[in-house]
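Here's the structure we're looking at; comments come further down.
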There are 2 protein chains.
Amino acid sequence: MSAIPAATVGRLVTYLRVLTEMEQEGVRSASSDDLGAVAHVSAFQVRKDLAYFGRFGTRGAGYTVATLRRELRRILGLTRPWHVAIVGMGRLGQALADYPSFDRQEFRLVAAFDVDPAVIGRRIGAVQVESLATLAEVAAERAIDLAFLTVPAGAAQNAVDALAAAGVRGILNFAPVVVTAPENVRLEAVDLSAGLQRLTYYVQSEPATVGEVTG
Amino acid sequence: MSAIPAATVGRLVTYLRVLTEMEQEGVRSASSDDLGAVAHVSAFQVRKDLAYFGRFGTRGAGYTVATLRRELRRILGLTRPWHVAIVGMGRLGQALADYPSFDRQEFRLVAAFDVDPAVIGRRIGAVQVESLATLAEVAAERAIDLAFLTVPAGAAQNAVDALAAAGVRGILNFAPVVVTAPENVRLEAVDLSAGLQRLTYYVQSEPATVGEVTG
DNA sequence: TATTGTGAACCGGTTCACAGCG
DNA sequence: CGCTGTGAACCGGTTCACAATA
């Protein structure tokens, strides 16, 4: 049996999101059809994705929202708190320090780093900015699991190397460059610049329309 | 002949990025092997991706960096300026207003919107924040092509509807929700929250290692 | 009866081998 | 001779049909 397709992992995140909304609205149960409709995915796909991990539904009845949500959180590794650091406290890094997820349990902002003496020492959100030179030390001390990489493009690869050496397991890269990480460090790109450029590709040719009727 | 795979479009963006770096470093020409190595893609894949759009190389010699870069910019629609608006001027929206891409030609920040009277009227980056109620009017006036959507999750769908009605052609969604847009509006997600959750999935099981040697 | 769970068919993207050509 | 361009083979993810079952 082969590995789980990356696309499946991405959809699991979407299902979890949908289930969380449903739970908030008081919905008790949902069929694969219901989930698929909201997630913009076929019901087949929903069932196949879930089947990689086990059986979570009841034939004839569908899925219990609370149960499936709990299972997905477990599958995605969201049942224990993750220690997160931000590397690069420019505008974006500072904005991310207030990211709402840090209010909840799963993700805890435990450190923030920069190289600029003008920023080091300042308190931003829940943490005080420290020198990037202290990364290894601090990472060991506070058991940093994950990092947001929000440094300029030219500094990204060095920062990845430093994070990998410090034992950080996953990096969310916001810098618009191709960086390389060792096998044991997972890298995910959250790429504004790339997103913008994909957007222009798709938008360039299609005709513009305002409202429903044109002409 | 069918449409271009979405994965190909994503890789074109990467190739462009790589070529831009090469050009800055004074590299004149590159083979599909060279490009693939830097982009973390096979040489086959590079050639196949490019073949969807034409012939850009010289057999026996490879690709001329400047030429291929120009062609990719044309293919991706990056030869004309795009008018961009930011909807939602919280921390993230404000950080994005200073995004370096706005310094260059391709993307011009032409408007910023919010619903909070405390923010409306303030000058941020190159623009003054306006009421979201004036979106339709302003969009027509300044020919807004694209939008960054940085509103809270609960406000995202309404904002998408308003943007679509105002004739905006593409939306880069930063809100962690599933939103629906009409056919003629392209939606790309830049999803911090989803990226973080995919990261925990991959990282949870693998063993942690510090440095190169363990034990 | 309704809806899940799943083996098999299908399809499209990736890989490959090599013909084409500078 | 080296590297591109591309038709064909391959593979894996998606779709499907249906058996299983609450």
Side-chain angles (χ1 to χ4, degrees), chain A residues 1-16 18-19 22 27-72 74-75 198 201-202, chain B residues 1-16 18-19 22 27-72 74-75 198 201-202:
Chain A
M1 185 178 164
S2 63
I4 310 300
T8 291
V9 177
R11 285 190 298 265
L12 293 181
V13 172
T14 306
Y15 303 152
L16 174 57
V18 167
L19 289 163
M22 285 179 165
V27 178
R28 290 296 184 81
S29 95
S31 67
S32 56
D33 248 324
D34 298 336
L35 286 170
V38 183
H40 300 314
V41 155
S42 75
F44 306 125
Q45 188 73 78
V46 173
R47 298 204 296 275
K48 187 59 108 185
D49 285 338
L50 296 177
Y52 282 110
F53 300 93
R55 300 176 199 184
F56 309 109
T58 309
R59 291 173 203 244
Y63 303 88
T64 303
V65 169
T67 308
L68 185 54
R69 178 168 182 276
R70 191 182 326 120
E71 291 294 328
L72 284 179
R74 181 182 56 72
I75 291 165
R198 287 194 304 268
Y201 170 80
Y202 288 106
Chain B
M1 185 176 163
S2 63
I4 310 300
T8 290
V9 177
R11 286 190 297 265
L12 293 181
V13 171
T14 306
Y15 303 152
L16 174 57
V18 168
L19 288 163
M22 285 179 166
V27 178
R28 291 297 184 80
S29 95
S31 67
S32 56
D33 249 323
D34 299 336
L35 287 171
V38 184
H40 300 314
V41 156
S42 75
F44 306 126
Q45 188 72 78
V46 173
R47 297 203 296 274
K48 186 61 106 185
D49 285 338
L50 297 176
Y52 283 110
F53 300 93
R55 300 178 199 183
F56 308 110
T58 309
R59 292 173 203 244
Y63 303 89
T64 303
V65 169
T67 309
L68 184 55
R69 179 168 182 275
R70 191 182 324 120
E71 289 295 327
L72 284 179
R74 181 183 56 72
I75 291 165
R198 287 194 303 269
Y201 170 80
Y202 288 106

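Residue numbers begin at 1 in each chain, while the letters A, B, ... track the order of the sequences.
Distance CG (B:L68) to C1' (D:dT4): 12 Å, rounded to an integer number of Å. Per the geometry, CZ belonging to A:F44 stands 13 Å off C1' belonging to C:dG5, to the nearest Å. When rounded to the nearest whole Å, the span between CG of A:L50 and P of D:dT14 equals 13 Å. Between B:F56 atom CZ and C:dG22 atom P there is a gap of 17 Å when expressed in whole angstrom units. Atom-to-atom, NZ of B:K48 to P of C:dA17 comes out at 14 Å; the value is rounded to the nearest Å. The nearest whole Å value for the distance from the CG atom in B:D49 to the P atom in C:dC16 is 15 Å. C:dT14 atom P lies 15 Å from atom CZ of B:R47, rounded to whole Å.
Judged purely by atom type and a 3.5 angstrom limit, B:D49 has no side-chain atom pairing as donor or acceptor with the backbone of B:V46. Using modelled atom types, no side-chain atom of B:T58 and backbone atom of B:A61 make a donor-acceptor pair closer than 3.5 Å.
In this structure, A:S32 does not reach the C:dT3 phosphate: none of its side-chain N or O atoms is under 4.0 Å from OP1 or OP2. In this structure, B:Y63 reaches the D:dG5 phosphate: one of its side-chain N or O atoms is under 4.0 Å from OP1 or OP2. OP1 or OP2 of C:dT6 lies within a sub-4.0 Å distance of a side-chain N or O belonging to A:R55. The phosphate of C:dG13 has neither OP1 nor OP2 within less than 4.0 Å of any side-chain N or O from B:Q45.
Across the interface with DNA chain D, nearest-nucleotide mapping of B:G57 and A:T58 shows B:G57 to be the residue nearer the 5′ end.
When the options A:V13, A:T67, A:L50 are evaluated for a side-chain contact (heavy atoms from CB on, under 4.5 Å) with A:L72, the one that passes is A:L50.
In this structure, of C:dT15, D:dT14, D:dT4, it is C:dT15 that holds the atom nearest to the side chain of B:S42.
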- Could you please spell out the steps behind the side chain to side chain contact (heavy atoms under 4.5 Å, CB included) verdict for A:L68 and A:T64? CA-CA 6 Å; A:L68 185 54; A:T64 303; over 6 Å; no
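Scanning atom types as modelled, no donor and acceptor separated by under 3.5 angstrom connect the side chain of A:R59 and the base of D:dT21.
Among the atoms of the strands shown, only primed sugar atoms or phosphate atoms (P, OP1, OP2) are found under 4.0 Å from some heavy atom of A:A7.
Counting only heavy atoms from C-beta outward, the side chains of B:R74 and B:F53 never approach each other to under 4.5 Å.
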